[in-house]
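Just so you know, these numbers come straight off a predicted model, no measurement behind them. Below, chains carry the letters A, B, ... as their sequence lines are ordered, and counting in each starts from 1. Note that these values count all heavy atoms, side chains included, but never hydrogens, waters or copies made by symmetry.
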Number of protein chains: 2
Amino acid sequence: MDEQAKKILLVEDDPNFGTVLKDYLMMNDYEVVHAKNGMEGFEKFKKDDYDLCILDVMMPYKDGFTLAKEIREKNTDVPIIFLTAKAMKEDVLKGYKVGADDYLNKPFDSEVLLMKIKAIMQRKATETVADSKQFEFKIGGFDLNSKLRFLTYKGGEPTKLSPKENELLRLLALHENDLMPRELALTKIWRDDNYFTSRSMDVYIAKLRKYLKIDDKVEILNIHGEGFRLVINAE
Amino acid sequence: MDEQAKKILLVEDDPNFGTVLKDYLMMNDYEVVHAKNGMEGFEKFKKDDYDLCILDVMMPYKDGFTLAKEIREKNTDVPIIFLTAKAMKEDVLKGYKVGADDYLNKPFDSEVLLMKIKAIMQRKATETVADSKQFEFKIGGFDLNSKLRFLTYKGGEPTKLSPKENELLRLLALHENDLMPRELALTKIWRDDNYFTSRSMDVYIAKLRKYLKIDDKVEILNIHGEGFRLVINAE
DNA sequence: CATTTTTGTTAACGTAAGGTTAAATGCTAT
DNA sequence: ATAGCATTTAACCTTACGTTAACAAAAATG
């Protein structure tokens, strides 16, 4: 079952600490690639697939947040853990905006890190099955191809969807007939939850409703203060 | 499953280091041919098929980059790993867009090399199966002979394609009706991913579209921010 | 029922990506 | 050297996206 060693990209400029951490992780059966700065980290990231990234925040050439942002552009799903020097509130906040899964203040207990890693891997393992690999949805009379980003109604001309439209509709479809919390879309798609992103999301809901209008069995309902619900009515 | 020992061409002028490295690789079940300079390296390369080349950069008679370029002329697919002295900055390397799969700074950890080799072999293994050996495609009313670089429409006069046109169309055809990521073409064909190569690719997309225009069942669609899709519509 | 909060809708704007064309450069073979 | 390609660079244009703003409507609050 637990076939393949999970691969971790560790980006840490302090050579001592980095090596120690790497060894520790490897002792715990992870495959670890160690990059010494953000620049190198990104190169390594591009070259391979990783199950987790651990990024130091303070680094020369390219700090951890910038690196995370670049990584996110290429891959929306890799979990990221930040290592921060002190409990800087802003740092933490900034980290979550980029879609961090966790953060740790240095110095930290290595066992805690290990637990966090395990938890994240676990989460990903169960998430992935249902979520991550599903790209085709039947939504009433529509077919959504989420990989190629198009929406077809009864085999007619496909409508092209923008990335945001596509992700939002996909998320709604994953929660078909169920509540899709506002906050979920904002953190997953917009990676930030504030007044403006929320407004932006509303704009996209409007766009989707327009697309879906031709099928009156399909509608997006609002649940005030909670989120939205993609409803597919029977014939 | 893991049938044949992978064959590695090692070109390294330092006899001590070269021998040690060769032995180390052979201990890890690779078949290794060791050449002592670029000249000899190229001779050996021509004489056999290799799964990987490891080239020292600094060598008398013919340096690693020059050798790599010659190798590339004969074979666009062999992975190449460069061994460079620590002093050399990445900037210097970037000038040589030979399509290296990786770089290693001497002195390096032999385990790291081994991991890189494994990763590269793995990558190639999954890529190669479907891809590497296919040279004829039916694209709607067209026939593409990718070996001779001919594009024929309904048995008419063949159009000659330039190398880049040909490779790009072939890559699109390999992903027929599916997304062909921009980045894939840039790394595989242009061996570099920047503003200009990207622009260049667009120019070639335009050329291909012009060729394909006579058949209105065939079109190249853009998926904004992702890549292109060669669509072949039914009758 | 007045007021605040949340959502709906449309349009405008800025930025980035892609499309097109032509000129400059590079390459190869004569 | 130079003619004839292939390819890249450049400039310029168009389209696509996403955010923001402004205003309207609906729902909650009290």
Taking [atom1] from [X] and [atom2] from [N], how many angstroms apart are they, rounded to a whole number?
X: B:D202; N: D:dA11; atom1: CG; atom2: P; result: 17 Å
X: A:D193; N: C:dT6; atom1: CG; atom2: P; result: 12 Å
X: B:I220; N: C:dG19; atom1: CD1; atom2: P; result: 10 Å
X: A:R209; N: C:dT7; atom1: CZ; atom2: P; result: 11 Å
X: B:M201; N: C:dG18; atom1: CE; atom2: P; result: 9 Å
X: B:R191; N: D:dT7; atom1: CZ; atom2: P; result: 14 Å
X: B:I205; N: D:dT7; atom1: CD1; atom2: P; result: 14 Å
X: B:E226; N: C:dG18; atom1: CD; atom2: C1'; result: 14 Å

Query raised in the report: At how many degrees, to 10°, do the end axes of the helix from C:dC1-D:dG30 to C:dT30-D:dA1 meet when each uses five pairs?
Result: 30°
**Report entry** A:K147/B:D178 ion pair, N-O < 4.0 Å
**Finding:** yes
Query raised in the report: Going by an N to O cut-off under 4.0 Å, is there a salt bridge joining B:D202 and B:R209?
Result: no
**Report entry** Sequence-aligned protein contact record of nucleotides 12-30 of chain D, with B where the base is within under 4.0 Å of a protein heavy atom and S where only the sugar-phosphate is
**Finding:** ----SSBBBSB----SS--
Query - Pairwise side-chain contact, B:Y211 with B:L169, heavy-atom cut-off 4.5 Å (strictly under) - result: no
Requested in this report: With sequence neighbours excluded, tell me which residues meet ring-ring contact (aromatic ring centres under 6.0 Å, His included) with B:Y153.
Outcome: B:F142
Query - Which residues share a ring-ring contact (aromatic ring centres under 6.0 Å, His included) with B:F137, sequence neighbours left out - result: none
Query raised in the report: Can you list the residues that meet the side-chain hydrogen bond (donor to acceptor under 3.5 Å, both in side chains) rule with A:K138, with sequence neighbours excluded?
Result: A:D143
Query raised in the report: Under the side-chain hydrogen bond (donor to acceptor under 3.5 Å, both in side chains) test, which residues partner B:S146, sequence neighbours left out?
Result: B:N166
Report task. Can you measure from CG (B:D56) to CG (B:D13) and round to the nearest 0.5 angstrom? Result -> 5.5 Å
Query - side-chain N/O B:R182 vs C:dG18 OP1/OP2, d < 4.0 Å - result: yes
**Report entry** Neighbour count above 12 (heavy atom, 6.0 Å) for A:E157 CD
**Finding:** no
